[in-house]
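Inspection log for the structure reproduced underneath, given as structure tokens.
In this chain, numbering begins with 1 at the start of the sequence shown. First listed ligand is number 1; within each ligand, the first listed atom is number 1. Any value given below was found using the heavy atoms of this structure, including those in side chains, with hydrogens, waters and symmetry copies removed.
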Amino acid sequence: MARETTVDGPSVAVRVPAKLNLFLAVRGRMPDGYHELVTVLQTVSLFDELQAGLVGPPGRGHHPAGRLRMRVELRHDATAGMPPAADNLAARAAVALGRASGMLETSAVAAVGARNGESAARGRAASRSRGAEAHEPRTVLDLRKGIPVAGGMAGGSADAAAALVALNEVWGCEFTRDELRAVGADIGSDVPFCLVGGTALATGRGTSLARVLCRGTFHWVVCQAAEPLRTADVYRSWDRHCQPSEYEPDAVLQALRSQDAVALGAALHNDLEPAAYALRPELEMDKKALLDAGALGAVLSGSGPTLLALGADAPAARTIAERVTGRFPRVAVASSPAGGPDVADHRVR
Ligand code: C5P
């Protein structure tokens, strides 16, 4: 079997943070089925890393005709919960960018491989079965997951944002960040924010963004649930159980401006909580346990099921984490805001 050769094109690694919603009000259901939101988003220091590179016979990947036929292949190290390749947001972002820039004609997205355990064997088998296609130029996206999968922390959207930033360079698309945001909005409502990062007020379906001033750093306990929740199911549950709300984000915005963790803890708010609790009643008790453990405030992250507890400072967050370990399958301590997508490694081979 001929040895695979890396094309002498660039390889780009992008590190991208998770997001949390400090405030989320649902104003109602829009005619297109999406829900109109007012939400305050902030990035938090749990990261995915995506490496994008060109693989295949030297030279062909640089030829426009070669690129039009190019396949996008996704690899990842998640053990469970990742959607199939065609539904994966990083892969979908790659295909959308390829089409928008005229770089890619095909929507072919090859099998997902994993780098560990049983699914790694499936990944290798898929690689072998590709046979001759392995000699065609292709773009490989290699994902290292640090953000909970399907946890309400925009892990998939963060991966899509990372793919857009990385491939914009690898493929030389020269899209501006605004153009990338327009492509990203079609992939998912959180993708435009994930491309920017920091702290933002979002309206509409969550894609119209305004920067928000945030001073200092806030310290969180991030508590994952055993079973993921699908965002669409939580919004459907909101349709059944909830009414449009008129909550305003002023108290959260003021707390961020004045670096006031106590005020922020009191102001945390998420209208999707009753909708998620209707599907997962235990989450309500879990939130109460976080408050009993000394959190300044606790809130469901986006559509959940991850819960967030705010500590007064980093040691207080660690103490809360120790007190609730055992109640949740995974508890992590993290800080916010955490910037935006960061090009960690840029190699021109
Ligand atoms: O935009 P995204 O693909 O992340 O949304 C996933 C699902 O969540 C949508 O299909 C929709 O059912 C629901 N959603 C919504 N209103 C929003 C955002 C998401 O109803 N503002």
Side-chain angles (χ1 to χ4, degrees), residues 16-43 48 81-97 100 109 145 147-164 180-197 200-210 227-249 269-280 299-306 341:
V16 63
K19 67 95 212 205
L20 35 82
N21 299 77
L22 304 171
F23 176 92
L24 190 155
V26 183
R27 294 285 187 252
R29 194 166 183 271
M30 300 189 287
D32 63 3
Y34 278 87
H35 293 72
E36 189 187 342
L37 307 178
V38 177
T39 182
V40 180
L41 300 149
Q42 186 161 72
T43 47
D48 282 357
M82 288 284 278
D87 296 336
N88 180 279
L89 294 195
R92 281 179 46 202
V95 171
L97 181 67
V109 176
K145 295 292 297 175
I147 305 175
V149 176
M153 301 193 77
S157 300
D159 298 344
L164 292 175
L180 291 182
R181 275 167 57 179
V183 176
D186 287 338
I187 307 296
S189 304
D190 286 329
V191 180
F193 172 71
C194 290
L195 280 162
V196 180
L201 176 69
T203 52
R205 50 177 268 250
T207 54
S208 300
L209 302 174
E227 291 294 320
L229 266 176
R230 286 187 61 242
T231 305
D233 293 343
V234 176
Y235 277 100
R236 260 196 298 275
S237 174
W238 184 93
D239 291 338
R240 282 196 299 275
H241 300 284
C242 306
Q243 294 296 320
S245 97
E246 300 197 341
Y247 279 96
E248 294 290 356
H269 176 80
N270 186 347
D271 274 345
L272 292 176
E273 281 183 6
Y277 297 162
L279 299 171
R280 290 284 169 75
V299 72
L300 186 77
S301 178
S303 58
T306 302

- Item | Under 3.5 Å donor-acceptor, Arg27 side chain and Ser245 backbone | yes
- Task: Pick out which of Leu272, Leu279, Leu229 makes a side-chain contact (heavy atoms from CB on, under 4.5 Å) with Ser237.
- Result: Leu279
- Task: Just do the side chain to side chain donor-acceptor pair (under 3.5 Å) check on Ser303 and Thr231 with the steps written out, would you?
- Result: CA-CA 6 Å; Ser303 58; Thr231 305; 3.2 Å; yes
- Note on the structure: Closest non-hydrogen atoms of Asp48 and Ile147, given as atom of the first, atom of the second and distance, are OD1-N, 2.9 Å
- Any heavy atom of Gly33 sitting closer than 4.0 Å to ligand 1? yes
- Message: Starting from atom 8 (O) of ligand 1, what is the nearest protein heavy atom, named by residue and atom, and what distance separates them?
- Response: Thr231 CG2, 3.3 Å
- Query: Hey, does Ser189 come in under 3.5 Å of ligand 1, counting only N/O atoms on both sides?
  - Reply: yes
- Measure up the Phe23 and His269 rings against each other and bin them: parallel (under 30°), tilted (30 to 60°), perpendicular (over 60°). tilted
- Please state which protein non-hydrogen atom is closest to atom 19 (C) of ligand 1 and give its distance, to 0.1 Å? Tyr235 CE1, 3.6 Å
- Item | Donor-acceptor contact below 3.5 Å, side chain Ser301 vs main chain Gly152 | yes
- Item | Salt bridge flag under 4.0 Å for residues Asp239 and Arg236 | no
- Note on the structure: A student checking ligand 1 against Leu37 at a 4.0 Å heavy-atom cut-off should list atoms 21 (N)
- Output the list of atoms in ligand 1 that are nearer than 4.0 Å to some heavy atom of Tyr34, sorted by atom number. 1 (O), 9 (C), 14 (N), 15 (C), 16 (N), 17 (C), 18 (C), 19 (C), 20 (O)
- Message: What protein heavy atom lies closest to atom 3 (O) of ligand 1? Include the residue and the distance to one decimal.
- Response: Gly188 CA, 4.0 Å
- Message: Polar contacts were defined as any N/O atom of the residue lying under 3.5 Å from an N/O atom of the ligand; does this apply to His35 and ligand 1?
- Response: yes
- Close approach, Asp190 and ligand 1, non-hydrogen under 4.0 angstrom: no
